[in-house]
Amino acid sequence: MKGTRGRKIRFGIGILCGLCLVSAGCLFGINAYVKQKGGAHILTEAEAVTAVQEGTLEPDCILILGAGVWDGVPSPMLHDRLEEGLALYQAGVAERVLVSGDHGRSEYDEVNVMKAYLMAAGVPGEDIFMDHAGFSTYESMYRAREVFGVSSMVVVTQQYHLYRALYVAEQLGMTAYGVGSDPRQYGGQQVRECREILARAKDIFYVLGHKRPAYLGEEIDIHGDGSVTDDRLE
C-alpha cells in the first residue's frame, strides 16, 4: 500500500513538473515572439528623423506612454520619456503629441503633469492631446486608434517596454515605430523585466480576444486642437 501511494505521489509530482515546464516554455516562447515582432520597428532618434525627412514615415503623432508621477513631478523614467518625445517633436517628426497615462483618480494624474512639462519646454498646448484613460499599454494603443483616430505613430518609452507596445499597435492595425528613452539605468529594472514577460503574454491574449478597454468615449481628431482634451480651468 505504501509503495502504491508513493508511486502515485511521484507520478503526481512528475505531472506537475511537466506542466510547469510546458507553461514556462510557452511563456518564454511568447516573450521571444513579441520581442522579435516589436523589435523590428525600433529606431534610433536619428533614424526616425531621417525616415520622416525622406517621407518613408508619416506619423500622425508622437505617443508618449505614461509612468509614475511623484507629488506632481515626473518620475525619472517618465522624465526621460518626455525628454525624448520633446526632442522628436522639435526635430519635426510629428506635429502632434499624444500623452497617454493614468488619470483614473482626482488625486493621481499623469497626463496633466506630462502636458505641463511639454508646454514648459515650449510645445504649444494645442499640439498636445491627453488620453486620460491610458491605464495600460494595451489600452493606450487601442484608444489611440479608436478614440484619436491614429493610424501611424512614433511611440516613446523605455526599450524594454517598446517591444510590447509596438507589437500591440501592429496587431491593432496601426503603423507604429518606436524610439527608446534609455539615457540611464533605473533602479528595480530586473523586477520590471520579469513583470514585462508576463505582460507580453497577457497582451497577446488581449489582442487575440479583441479586448475592449475599460473606457472609450467620443472620437477626437488627432489632427485638430489638443485643447479639447483639457480638463482643468486655468
Same cluster for [X] and [Y] if Ile/Leu/Val/Met/Phe/Trp/Tyr side chains link at under 4.5 Å?
| X | Y | value |
| --- | --- | --- |
| Y186 | L78 | no |
| W70 | L118 | no |
| V168 | Y33 | yes |
| M119 | Y117 | yes |

Please say which of [options] ends up in a side chain to side chain contact (heavy atoms under 4.5 Å, CB included) with [X].
| X | options | result |
| --- | --- | --- |
| V97 | I64, V154, L86 | I64 |
| Y177 | V155, L43, V93, L162 | L43 |
| Y167 | D203, L172, T137, I204 | I204 |

Beyond-backbone contact of [X] with [Y], side-chain heavy atoms, under 4.5 angstrom:
| X | Y | answer |
| --- | --- | --- |
| R143 | S100 | no |
| Q189 | Y160 | yes |
| V147 | D131 | no |
| M114 | L82 | yes |
| R145 | M141 | no |
| Q53 | V49 | yes |
| F129 | C61 | no |
| D127 | E95 | no |

CA sep, side-chain torsions, deciding dist, call: M130, N112, side-chain contact (heavy atoms from CB on, under 4.5 Å): CA-CA 7 Å; M130 291 185 289; N112 274 289; 3.5 Å; yes
Side-chain donor/acceptor of [X] to backbone N/O of [Y], under 3.5 Å:
| X | Y | value |
| --- | --- | --- |
| K115 | I128 | yes |
| H132 | D109 | no |
| R164 | Y138 | no |
| D102 | F135 | no |
| Q158 | M77 | yes |
| Y163 | N31 | no |
| R81 | L65 | yes |

Nearest 0.5 Å please: distance from the [atom1] atom of [X] over to the [atom2] atom of [Y].
| X | Y | atom1 | atom2 | value |
| --- | --- | --- | --- | --- |
| H161 | R195 | NE2 | CZ | 10.5 Å |
| T50 | E54 | OG1 | CD | 6.0 Å |
| Y142 | S136 | OH | OG | 12.0 Å |

Which atoms form the tightest heavy-atom contact between [X] and [Y], and what is the distance?
| X | Y | result |
| --- | --- | --- |
| M153 | P59 | CA-CB, 3.8 Å |
| V179 | A48 | CG2-CB, 4.0 Å |
| Y89 | I62 | N-CD1, 3.4 Å |
| D60 | S151 | OD2-N, 2.8 Å |
| V111 | G101 | CG1-N, 3.3 Å |
| G134 | S140 | CA-OG, 3.5 Å |

CD (Q185) with more than 12 external heavy atoms under 6.0 Å: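 No, because the 6.0 Å sphere around CD of Q185 holds 12 heavy atoms or fewer from other groups.
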Within 6.0 Å of CD in E58, more than 12 heavy atoms from elsewhere: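 Open.
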Donor-acceptor pairs under 3.5 angstrom involving side-chain atoms of residues 212-222: please list them, not counting sequence neighbours.
| residue | atom | partner | partner atom | Å |
| --- | --- | --- | --- | --- |
| D221 | OD1 | H223 | N | 3.0 |

Worked check of side-chain hydrogen bond (donor to acceptor under 3.5 Å, both in side chains) between S181 and D80: CA-CA 6 Å; S181 53; D80 294 342; over 6 Å; no
Charged tip of K211 within 45° of Y206 ring normal and under 6.0 Å: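 The answer is yes; both the distance and angle limits are met.
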Check against side-chain contact (heavy atoms from CB on, under 4.5 Å), F148 and T229: CA-CA 11 Å; F148 295 93; T229 61; 4.1 Å; yes
